[in-house]
Amino acid sequence: RGLGEACAEVVCTVRGGGELVRWGVAVTPKPGWALEETTYPRLLLSKGLGTSPDDDRFVVGSAKGGVTRNPGAKGPKWWARAKQPGPLVAQFATLYDDRAGFYLAAEDAAGHVKDLGASGAASGLEFSVRRLGFDAAACRQAFDVVTGGFEGTPANPCSWHDAADIYKRWAVKQAWCAKPFRDRDD
């Protein structure tokens with residue numbers, strides 16, 4: 001509360017207790033105002049994982065695809081985000097090296113308007129999810145944003161596939177993923 005002339009209240013939640021940390025947000029605008037976007041969470045990671053950022057890689061679940069190498073060296077003007085609706089086809093982003101990785105995802109089965117990914121900051125990489133809309137009354141984000149980590153070994157180093165596997169554990173439980181594409185009647 002006490003956030004200025006436009007916003008009456010913001011309630012941020014963080015829940016743990018498992019493999020992933022779950023982030024939620026609810027916002028109440030003041031009368032005559034509307035909420036157009038919410039960026040939550042905004043998590044600042046260091047410029048590099050481990051002892052050297054040279055082997056770091058970044059991937060966001062965009063239809064355009066691609067791996068960004070050493071994103072921490074790209075500077076504050078670098079960004080890699082994808083929007084839904086649009087090229088965001090798998091609602092996750094990951095930063096990893098051979099040893100470990102960070103995972104951020106939106107567990108949004110309904111496909112609300114949002115973007116997610118990372119951008120460069122002066123002191124690191126900022127991961128976030130931005131929800132877009134127009135809410136003149138109290139609103140709660142309709143999906144959880146989740147974060148977590150994963151580890152590799154010298155024999156089995158990390159790759160973006162490890163983050164995709166975490167996302168898949170959630171995705172296969174959704175109605176839109178119940179039947180493989182090759183088996184669909186439509």
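Just so you know, residue 1 is the first one in the sequence shown, and it goes up from there. Remember, predicted model here, so these are calculated numbers, not experimental data.
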Determine, using the 4.5 Å side-chain heavy-atom cutoff (strictly less than), whether [X] and [Y] are members of one ILVMFWY cluster.
X: Val59; Y: Leu104; value: no
X: Val21; Y: Val145; value: yes
X: Leu116; Y: Trp176; value: no
X: Trp170; Y: Ile166; value: yes
X: Val129; Y: Leu132; value: no

Please identify each residue that fulfils side-chain contact (heavy atoms from CB on, under 4.5 Å) with [X], with sequence neighbours left out.
X: Ala155; value: Thr153
X: Thr68; value: Phe58, Pro71, Lys74, Trp78
X: Arg184; value: Lys179, Phe181, Asp186

Can you tell me how far [atom2] of [Y] sits from [atom1] of [X], rounded to the nearest 0.5 angstrom?
X: Thr38; Y: Lys114; atom1: OG1; atom2: NZ; answer: 13.0 Å
X: Ser62; Y: Leu88; atom1: OG; atom2: CG; answer: 7.5 Å
X: Leu49; Y: Arg57; atom1: CG; atom2: CZ; answer: 9.5 Å
X: Gln91; Y: Tyr167; atom1: CD; atom2: OH; answer: 4.0 Å

I'd like to know if the side chain of Asp183 reaches the main chain of Pro180, judged simply by a donor and an acceptor atom lying under 3.5 Å from each other, with no hydrogens or angles considered. no

Does any N or O in the side chain of Trp79 come within less than 3.5 Å of the main-chain N or O of Ala118, such that one atom is a donor and the other an acceptor?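 Between the backbone of Ala118 and the side chain of Trp79 there is no qualifying donor-acceptor contact (under 3.5 Å).
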
Quick one: side chain to side chain donor-acceptor pair (under 3.5 Å) pairs with a partner in residues 39-49, sequence neighbours left out?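 As it turns out, the side chain to side chain donor-acceptor pair (under 3.5 Å) pairs with a partner in residues 39-49, which skip direct neighbours, are Arg42-Glu126.
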
Side chain to side chain donor-acceptor pair (under 3.5 Å) partners of residues 141-151, not counting sequence neighbours, each pair once: Arg15-Asp144, Arg22-Asp144, Trp23-Thr147

Quick check: closest heavy atoms across [X] and [Y], and the distance to 0.1 Å?
X: Asn70; Y: Pro53; result: OD1-O, 3.1 Å
X: Cys158; Y: Gly101; result: SG-N, 4.3 Å
X: Asp162; Y: Ser159; result: OD2-N, 2.8 Å
X: Leu44; Y: Ser123; result: CD2-OG, 3.4 Å

For Phe92, is the NZ or CZ atom of Lys168 found under 6.0 angstrom from the centre of its six-membered ring and inside 45 degrees of the ring axis?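 No, a cation-pi geometry is absent between Lys168 and Phe92.
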
Taking only residues two or more places apart in sequence or in another chain, which ones pass ring-ring contact (aromatic ring centres under 6.0 Å, His included) with His161?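 Partners of His161 by the ring-ring contact (aromatic ring centres under 6.0 Å, His included) criterion come out as none, since no residue qualifies.
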
Any residue meeting ring-ring contact (aromatic ring centres under 6.0 Å, His included) with Phe150, in chain and number order, not counting sequence neighbours: none

Indicate, with yes or no, if the rings of Phe127 and Phe102 have centres closer together than 6.0 Å.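 Ring centroids of Phe127 and Phe102 are less than 6.0 Å from each other.
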
Identify every side-chain donor-acceptor pair in residues 25-36 under 3.5 Å, counting partners at least two apart or on other chains, and give the distances.
residue : atom : partner : partner atom : Å
Lys30   : NZ   : Gly4    : O            : 2.8
Trp33   : NE1  : Glu5    : O            : 3.3

In sequence, state the C-alpha distance, the side-chain angles, and the governing distance for Leu95 and Leu45, and then conclude on side chain to side chain contact (heavy atoms under 4.5 Å, CB included). CA-CA 9 Å; Leu95 176 69; Leu45 278 62; 4.0 Å; yes

With sequence neighbours excluded, what pairs up with [X] under the side-chain hydrogen bond (donor to acceptor under 3.5 Å, both in side chains) test?
X: Arg81; value: Asp115, Ser128
X: Asp55; value: none
X: Asp97; value: none
X: Arg69; value: none

Does Asp135 come within less than 4.0 Å of Arg140, counting only side-chain N to carboxylate O? no

Salt bridge check, Glu19 against Arg169: does any charged N sit closer than 4.0 Å to a carboxylate O? yes

